Amino acid sequence: MAETGSETWRVGVLFSRSGPSGVTETEHFLGTVLAIEEINAAGGVLGQPIEPVCYDPAGDNDAYRSLARKMLADDGLDVIFGCSLSASRKAVLPIIERHNGLLWYPSIYEGFEYSENVLYTGSTLNQTTFALADFLLRKYGSRIFIVGSDYIYPRESNRVMRDLIESKGGAVVGERYVPLDADVAAHKALVDEIVRVAPDAVFSTVVARGAQRFYRLYAEAGIDRRRHPIASLTMAEGEIQVIGPEHCTGHVLAAHYFGSLDTEANHRFVAAFQTRFGADRPASMWSETAYAQMHLFAGALRQAGSLDAQRLGAAALNQSFAAPEGELMFEPENRHVWLTPGIGVARPDGQFDIVWRSRVPVRPDPYLAASRFEASWMEEA
């Protein structure tokens, strides 16, 4: 393990820059790179630069598993920044725990997990889905159609959304799943059923390339997106750019970060991100969360003076960071981050009009043990 006095702090970076989830995971990767470069330009941590050791699993869960093992066993690393889909996190988790490593996981996910070897910096369902359910019922109507990719994150997220919709007097008028590698015909059948059922809105946890195809087919079907949108927790600025903003106007995103946030800290982040990676590359929650967690890591490393998983993980729980989205801090009880929920509606330039944002950060509740949605959360931005 690296300690103060060694030449560099070597860490693993394990995001798919190719494959089905290549768009969003490339954004994770770029946010990580930008933060490392900023930290190193400022003198590193305790006088030593961070040295990333990077691999691309190309969206293959077996590759995630084998590369995580290589990082921890062969490359001599203790810390990995990586994974986006829950399937890949579940694939590497036994390896992380067996080697007593530390995974920094920057993606939204379904919750219902705790590990002393993981720090979770993305949204939990109580920080996104609760407000979104209320917004859909108030703004669009009570008849909601639910769709998802067929793996753990969509099924668990959709189960929670169904409970919320029904508890508030709404009705789930359909629930369908497609494989992660589904073909055009499967997504076309999904859209055809939505046209037939004519719901007020669709809640989608279809992800990766399938989501891009689903949104294009929805547009081709001629559905009025401003009256009957797709709402999601994942369809952010980068994928909208790939799909084409003209196919996405009116769709809804619940997230803790939007590139259009009008704060000085966010303006600095977006400017730095686009200066480094191109003026046409939008910042999104994927890049911002990865960026923020790297800065949280740097603070923890300064305190711990070591990459030892136990010492570093304990130090991380004491950290806070003034991120582009606002002040971040860990909840020590569950190793997740307090975040500020928001809801955005996609506009023609590929950004979001933020139509609601919580006045205060919301405590992460990954097991939904204490969460109660209060209507007073909802207010016009």
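All of these numbers come straight from a predicted model, not from anything done at the bench. Hydrogens, waters and symmetry mates play no part in the numbers below; they use all other heavy atoms, side chains included.
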Is the shortest heavy-atom distance from the side chain of T289 to the side chain of H256 under 4.5 Å? yes
Test: R347 cationic atom under 6.0 Å from F258 six-membered ring centre, within 45° of axis: no
Side chain of S287, backbone of A283: donor and acceptor closer than 3.5 Å? no
Could you check if a side-chain atom of F297 sits within less than 4.5 angstrom of a side-chain atom of L312, using non-hydrogen atoms only? yes
Sequence neighbours excluded, which residues qualify as salt bridge (charged side-chain N to carboxylate O under 4.0 Å, His left out) partners of E110? R89
Ring centres under 6.0 Å, that's the criterion: do H336 and Y367 meet it? no
Distance-only criterion, 3.5 Å: show the donor-acceptor pairs between side-chain atoms of residues 229-237 and protein atoms not counting sequence neighbours.
from	atom 1	to	atom 2	distance (Å)
S232	OG	T234	N	3.1
S232	OG	M235	N	2.9
E237	OE2	G259	N	2.9

Residues E27 and R281 bridged, charged N to O under 4.0 Å: no
Using atom types as modelled and distance alone, determine if a side-chain donor or acceptor of R65 lies under 3.5 Å from a backbone N or O of I95. no
How would you list, by chain and number, every residue that makes a salt bridge (charged side-chain N to carboxylate O under 4.0 Å, His left out) with D183, sequence neighbours excluded? none
Less than 4.5 Å apart, side chain to side chain, heavy atoms only: is that true for Y120 and P364? no
Which residues pass the salt bridge (charged side-chain N to carboxylate O under 4.0 Å, His left out) test with R268, sequence neighbours left out? E264
Does this structure show an ion pair linking R196 with D192, if we count only N-O contacts that are shorter than 4.0 Å? no
Check whether the side chains of Y291 and Q293 place a donor and an acceptor atom closer than 3.5 Å, and report yes or no. no
Could you tell me if H228 and Y218 have a donor-acceptor pair between their side chains, going purely by distance under 3.5 Å? no
For the residue pair F269 and F273, categorise the inter-ring angle as parallel (less than 30°), tilted (30 to 60°) or perpendicular (more than 60°). tilted
Taking distance alone, no hydrogens or angles, what donor-acceptor pairs closer than 3.5 Å link side-chain atoms of residues 321-331 to residues at least two apart or in another chain?
from	atom 1	to	atom 2	distance (Å)
E327	OE2	S320	OG	3.2
E331	OE1	W338	NE1	3.1
E331	OE2	E333	N	3.3

Decide whether S204 and Y215 meet the rule of one side-chain donor and one side-chain acceptor closer than 3.5 Å. no
Look only at the side chain of S86 and the backbone of Y109, and say whether a donor-acceptor pair between them is shorter than 3.5 Å. no
Could you check whether any side-chain heavy atom of E220 comes within less than 4.5 Å of a side-chain heavy atom of V191, counting everything from C-beta outward? no
Would you say CD of E51 has more than 12 non-hydrogen atoms from neighbouring residues, nucleotides or ligands within 6.0 angstrom? yes
Can you find a side-chain donor-acceptor pair between D78 and H99 that sits under 3.5 Å? no
Between the side chain of Q127 and the main-chain N/O of T124, is any donor-acceptor distance below 3.5 Å? yes
Considering all heavy atoms of both residues, which atom of T121 and which atom of V337 are nearest to each other, and what is their separation? CA-CG2, 3.8 Å
What side-chain hydrogen bond (donor to acceptor under 3.5 Å, both in side chains) pairs are there with at least one residue in residues 240-249, not counting sequence neighbours? R225-T249
Taking the side chain from T8 and the backbone from Q48, do they hold a donor-acceptor pair closer than 3.5 Å? no
Donor on one side chain, acceptor on other, N61 and Y151, under 3.5 Å: no
